[in-house]
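Structure record follows, encoded as structure tokens.
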Amino acid sequence: MIISEQFESMRRQFEEVFGGCEPGWAVCAPGRINLIGEHTDYNGFPVLPMAIGRAVRMLVAPRRDGTVLLRNADSRWGPREFSLGRRIPPFASGDWGNYAKAAAQSLARLAADRGMELSGMLCFVSGDIPVEAGLSSSTALVVATALALAQVNQLEVEPEELAERMAEAEHYVGTRGGGMDQAVCLLAEPNRAVKVDFFPLRARRVDFPSEHCVVAAHSTVCAKKTGHRRRAYNLRVLECCTGVHILARRLGISPPERLAGLCEEASPERLRELTGLLREATGGRESLTLERTAELCGLEPDQYVEEVVSNAGLDRPPEALHALPRCRHVFSEAARTEEAAERLERGEVEEVGRLMDESHRSCARDYAISCRELDRLVEIMREAGALGARLTGAGFGGFAIGLARAGRVSAIRRALTERFYHSERKETEGHVFAFRPAAGAAVESLK
Ligand code: GLA
């Protein structure tokens, strides 16, 4: 049952903006936080996220033609309209309508492969996930659009398949993301985190302890998915890919698609061994020129740019690359994520907290995705009684999370207000939340 008060007021707005037309379905797609497993997904290693009780909501009615009309309750996002097809040209970079187009183009292709042509729809969108904050509001919009379009066209797609397709589909906006956000959005369940493995996607729900919750605090640093953050993200993808090439050469094998392809079994020993091999290959150098990096991959610089750099969605090659620290993070994070899922399953919450602390250190030092504000939030949450704390999502701003007993939440909130938000001259309101795992995306008929 997803129809709530929010949908009631949306229904009135829907009828107003679409000239008295009545919506046929309500769609709800949640945001997420990731407990652990950061930047592991596109490398083929697992993640452990959970859905949160904040979502993108959509009311939908079918249209006869192939046009999608989007209206947003928030006036910052103006009306958008586009035609469905196998190739949908994007709006300007950063436009909110591109997330809907990403989903639509992917489903139009799926439908065409099944010999169908999609009809369009009227959509009224509303939501309460903080935007550009790393809580996956954009993926929630992608998933909501996909579910809406599939529903109005009676196009049947299993949630796992839809999750994989939407992960790929989101590359439309230019970020070479992995599949975590789409998977948890579609496959989450209340009171459970989701351990997700990739290629192929497999989800295992893990009970979340009943007396605990996750405090999430906004660093107030914008974590937009476009512009220089997109480049910073894609650069990490490239550095990991580079690690694949260097290690494959060392191992005398042809390079697999991603880091996980270098180990049949991702045991902690094997993961440590791979880091050791990379350290040997790079002579322990954390930063290498492009020329030296290409050489270690066994490629000419031009070849490296053509074959490796352009695949990561970068328009121009970087001057320096950091394959060693980036892969060291990914390998150690993969081991921590496996361990955290097992510990959570056994109710060993304090150990999960310890692993989250280690994850933050590795994200900050080796992956270089933290910032002063995130480090500060993490420190305050720990000092105020969180069992562990870390940044969550892509990083470079956005939210930090702390795992805590429910009874500690008000003390943590107070500490954050006094020691972070006051000194940054910001409001606590709208920046701090306490989450328990929420349900995944759903569609409900209004008839
Ligand atoms: C973003 C991406 C995810 C994942 C995280 C980092 O949220 O969309 O696929 O890579 O960053 O863990």
Side-chain angles (χ1 to χ4, degrees), residues 29-52 98-99 102-103 129-143 163-188 193-199 201 203 216 219 222-226 229-241 258-260 312-313 326-327 329-334 336-337 340 355-356 359-360 362-364 366-371 374 390-401:
R32 61 103 187 89
I33 58 99
N34 184 20
L35 290 170
I36 195 163
E38 223 61 89
H39 291 267
T40 45
D41 57 357
Y42 50 84
N43 287 302
F45 290 116
V47 294
L48 188 62
M50 61 185 226
I52 56 175
N98 283 339
Y99 293 102
I129 309 173
V131 296
E132 294 169 358
L135 297 185
S136 220
S137 60
S138 40
T139 293
L141 179 57
V142 171
V143 167
E164 281 183 323
R165 280 186 178 273
M166 287 307 117
E168 186 73 38
E170 225 181 293
H171 290 180
Y172 182 89
V173 300
T175 308
R176 314 295 287 178
M180 163 168 71
D181 307 344
Q182 300 77 6
V184 61
C185 184
L186 279 155
L187 302 166
V194 195
K195 161 137 186 287
V196 190
D197 285 90
F198 300 95
F199 310 109
L201 191 145
S219 65
C222 162
K224 216 176 160 81
K225 264 196 184 160
T226 49
R229 285 199 171 74
R230 175 163 73 196
R231 182 169 168 85
Y233 185 100
N234 289 349
L235 188 53
R236 305 293 182 287
V237 176
L238 167 64
E239 290 171 323
C240 292
C241 248
R258 48 192 77 85
L259 286 172
R326 304 302 184 249
C327 295
H329 163 75
V330 173
F331 291 139
S332 64
E333 186 78 349
R336 280 188 291 273
T337 308
L355 291 161
M356 288 171 70
S359 166
H360 184 76
S362 175
C363 283
D366 280 349
Y367 225 64
I369 53 170
S370 190
C371 59
L374 283 169
R390 58 185 298 278
L391 64 83
T392 196
F396 316 110
F399 273 76
I401 55 165

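Counting convention: from 1, in listed order, for ligands and their atoms alike. In what follows, every heavy atom counts, from backbone to side chain, and hydrogens, waters and symmetry copies are set aside.
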Legend entry - Under 3.5 Å side-chain donor-acceptor pair for T392 and R32: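 Not at all, the side chains of T392 and R32 share no donor-acceptor pair under 3.5 Å.
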Inset, instruction - Say whether E333 and S359, considering side chains only, have a donor N or O and an acceptor N or O under 3.5 Å apart. - result: yes
Inset, instruction - Taking the side chain as every heavy atom from C-beta outward, state whether S362 and S332 have any atom pair closer than 4.5 Å. - result: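 S362 reaches S332 side chain to side chain.
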Legend entry - Parallel, tilted or perpendicular: ring planes of F45 versus F331, cut at 30 and 60 degrees: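 Because their plane-to-plane angle is over 60°, the rings of F45 and F331 count as perpendicular.
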Close N/O pairs between ligand 1 and protein, under 3.5 Å:
residue	atom	partner	partner atom	Å
ligand 1	7 (O)	R32	NH2	3.0
ligand 1	7 (O)	D181	OD2	3.0
ligand 1	8 (O)	D181	OD2	2.7
ligand 1	9 (O)	D41	OD2	2.5
ligand 1	9 (O)	G178	N	2.9
ligand 1	9 (O)	G178	O	3.4
ligand 1	10 (O)	D41	OD1	2.8
ligand 1	10 (O)	D41	OD2	3.4
ligand 1	10 (O)	Y233	OH	2.6
ligand 1	12 (O)	E38	OE2	2.7
ligand 1	12 (O)	H39	N	2.7

Legend entry - Rounded distance (nearest 0.5 Å) linking atom CG of L391 with atom SG of C363: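 Rounded to the nearest 0.5 Å, the CG-SG separation comes out at 4.5 Å.
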Legend entry - Cation over ring face, R176 and Y42, 6.0 Å, 45°: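 Negative - R176 is either too far from the ring of Y42 or too far off its axis.
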